[in-house]
Amino acid sequence: MISQPHHDGSPLHVGDAVPALGARVPVRLRIPSAFGAVDGVWVRSIRDAEPHFDAAVPLGEADGWAWWEAELTLATPVQNYRWLVRSGGRPHWINAEGLFTRDVPDAQDFRLGTFEPTPDWVHRSVMYQIFPDRFARSAAAGGRELPDWAIACDWDSTDVVGRGPETPYQFYGGDLDGVREKLDHVQGLGATVIYLTPMFPARSNHRYDASAFSGVDPLLGGDRAFIDLIEEIHARGLKVIGDLTTNHSGDAHEWFRSSFRRPGAAESEFYYFSEDNSRYVAWLGVPSLPKFNWNSPGLRRRFILDDDSMVSRWLKPPFNLDGWRIDVGNMTGRMGADDLNHEVASLIREQMRRINPDAMLLAESTSDAARDFQGDTWQGAMTYTNFTRPLWQWLAADGAPGVVLDPVAPPVRQTWPDYFGLPQRGPDRIEGEDFLATHLDFAAGFPWAVRLANMNAIDTHDTARAASAVIPGGQRVGVALQFTLPGIPMVFMGDEFGLKGFNGEDSRTPMPWSDPARILEDLRPLYAELAGLRGALPALMDGGIRWLHAEGDVLVFVREHAEGSVLVAASRAAFSGVELPAELVGAGAPSPLWSTGRIDAATRDAQGPVVVLDGDGPAAALWALPGVCVPS
């Protein structure tokens, strides 16, 4: 049971989500009655790198909570702050990680930014990721001549090679007209945004090695098919974003070919070349992916700043993309002593704002992402540390996976899932308390607006499938959490069919449209129901989050909103007798909304009213609660 003072960045606790520099913003702290007598409450902020304290005043009590309010001055563009509560003769610090009875570093303070807000539709999205070569083939796909690099594969009978020389060259021929023909499926899942991995011409099936940024790959149908697809998506009231590689191009790109071994070429400054341009820096040493040198003014102009730049032209008519996901955003502009990441990200954000202030801008950052996501550049992160990785660990099978000591000679067919590059066979199992601690460790450094725009993915095109990594039935629980925690639910195509894969490439299985035997579990109703609930309940999109319980097999939290709150419980195994004091759960008895598996909630009086949870596992459930009332 988690009984402690609470604050988050939601409207219940922050009076102005997008303040101006110098503004004074009301911020509120709630303290449960069980916490004990309080001698004083202060908000601690940092002004010119020096701590400053402002006293809070009591607002009153409601539903077992005492509310306190202070005024926070926005002295810097990203204002750090945390709370100090004196109680029982001891200090209690409350930051974005939780409650501490000792002094703590500023790194996990709450954050409030003064930057232009993220468009409102962004955090309300349900995203569906499509890897074009494997999603759907139109009739026209069969008439296209294959390039010399492609290994032709039959959609339903050729296995994907997850690791091997032919992996990037297996070609199944999915195209954009195929995507357009399957939009009913995507919309039926409740998706509101389609995220397409790269559509540029390249020499691989993944197309992250672009040979040009100025047109759509003819193998996908070219510019006309792209325009038709976007027009149909928009006609349905949906949005679509593309995938842009700001860290590298392909070695067949016109810029690279014009400068490789040609020191005098204008594009020489676009890459990290040796003196004679015969050697170059490549992304992770992969020769086909030469790394951009963002010190180059010419690269900045042609990629970002020009009216027909790579960033710009696809956001304008006739294409009208609704935004970008930036590939390896964390590595962009970083090379040795160079760290231009923030500078490049700011240029992209400003150029997109100039062209379409309503556009989405998310970026990949697979590890500890918070320092690059403070609200002034990327709107949100495609990251794995705060949700995906601890989710897999909590839902992992019993027993440690065991470290792979000899990866030089892998088996012919790998039977365990890769775990995000770690040298081991699948995820190590952790308890619920470690899930929460890990989640908070990596989420605390994000401003609240960024947390709402981060992608919540149970897997992606770059990872093993969750269905291969978690216990039977665990994917259902993971999906419930990805739709109910703060952030954008991001569904990778095929998740709705329970598809499996031991690594990212093995997970890029062609969709089983004409072969029902390849559907391992039909989860389409699950995704549609949760997307519908998320769209109907303001608490799941805009509400704050307060954790109630995280131990062993069970996680419980409440998403809170003035119009109505939602209690969420998830379990990985059968459990009984999880008791939560009613005042910590919220006012009123929980009313069932949705469940997968069985979790029951009953209210009873012991030494005070408590909500008791019992259930099976894997399972997840949602209940409606009355909205939260802030005393005036």
Side-chain angles (χ1 to χ4, degrees), residues 1-18 25-35 56 58-70 83 94 110 112 120-121 123-124 126 448-449 451-452 480-481 483-487 489 529-549 555-570 580-595 599 601-603 608-613 620-632:
M1 180 186 69
I2 300 170
S3 175
Q4 61 188 37
H6 179 72
H7 174 86
D8 57 45
S10 70
L12 290 174
H13 299 91
V14 176
D16 185 354
V18 192
V25 178
V27 289
R28 291 176 283 274
L29 180 75
R30 301 157 62 186
I31 302 176
S33 59
F35 188 76
L59 291 181
E61 295 190 9
D63 301 320
W65 292 84
W67 289 74
W68 294 72
E69 183 175 272
W83 295 89
I94 298 96
F110 299 106
L112 183 59
D120 195 53
W121 68 269
H123 79 273
R124 299 177 185 277
V126 173
W448 181 255
R451 283 188 69 181
L452 294 182
L481 290 172
F483 275 80
T484 54
L485 285 167
E529 290 167 5
L530 286 167
L533 283 169
R534 188 174 187 274
L537 300 171
L540 296 182
M541 291 190 291
D542 301 310
I545 182 169
R546 186 165 51 83
W547 286 87
L548 302 177
H549 181 90
L555 303 173
V556 188
F557 58 90
V558 60
R559 296 295 306 276
E560 296 182 309
H561 194 278
E563 296 179 21
S565 299
V566 178
L567 176 66
V568 180
L580 306 169
E583 68 179 34
L584 292 183
V585 174
S591 175
L593 282 171
W594 174 90
S595 66
I599 300 181
T603 303
V610 295
V611 175
V612 182
L613 301 180
L622 280 64
W623 297 266
L625 293 168
V628 174
C629 178
V630 179
S632 59

Contact check, side chains of Leu593 and Leu537, non-hydrogen atoms, under 4.5 Å: yes

Closest non-hydrogen atom pair, Ala569 against Val556: CB-CG2, 4.2 Å

To the closest 0.5 Å, what do you measure between CG (Leu584) and CD1 (Ile2)? 10.0 Å

Inter-residue atom distance Leu625.CG - His561.NE2, 0.5 Å rounding: 14.0 Å

So how far is it from Met541 CE to Leu452 CG, rounded to the nearest 0.5 Å? 11.0 Å

Closest heavy-atom pair, Ala17 versus Leu112, reported as atoms and distance to 0.1 Å, is O-CD1, 3.7 Å

How about Phe483 and Leu540: do any of their side-chain heavy atoms sit closer than 4.5 Å? no

Sequence neighbours excluded, every pair satisfying salt bridge (Lys or Arg N to Asp or Glu O under 4.0 Å) that has a member inside residues 531-542: Arg124-Asp542

Non-hydrogen side-chain atoms of Leu548 and Val611 separated by less than 4.5 Å: no

Nearest-0.5 Å distance, NE2 of residue His123 to CH2 of residue Trp448: 10.0 Å

OG/Ser565 to CH2/Trp623 distance, rounded to the nearest 0.5 angstrom? 14.5 Å

Of all residues at least two apart in sequence or in a different chain, which pass the salt bridge (Lys or Arg N to Asp or Glu O under 4.0 Å) check with Glu583? none

Might you point out which heavy atoms bring Ala539 and Gly564 nearest each other, and give the distance in Å? CB-O, 3.3 Å

If you take all heavy atoms of Ile31 and Pro5, which pair is closest and at what distance? CG1-CB, 4.0 Å

Can you find a heavy atom in the side chain of Trp594 that is under 4.5 Å from one in the side chain of Val566? no

Would you mind reporting whether Leu12 and Arg546 have side-chain heavy atoms less than 4.5 Å apart? no

Using atom types as modelled and distance alone, determine if a side-chain donor or acceptor of Arg559 lies under 3.5 Å from a backbone N or O of Gly544. yes

Straight-line distance of Asp8 CG to Ile94 CD1, nearest 0.5 Å: 13.0 Å

List the atom of Pro32, the atom of Ser3, and the distance in Å for their closest heavy-atom pair. CG-OG, 3.9 Å

Considering all heavy atoms, the nearest Pro581-Val610 contact: CA-CG1, 4.1 Å

For the residue pair Ser10 and Ile545, establish whether any side-chain heavy-atom pair is separated by less than 4.5 Å. no

Excluding sequence neighbours, so at least two apart, what forms ring pair (Phe, Tyr, Trp, His ring centres under 6.0 Å) with His7? His13, Tyr81, Trp83, Phe110

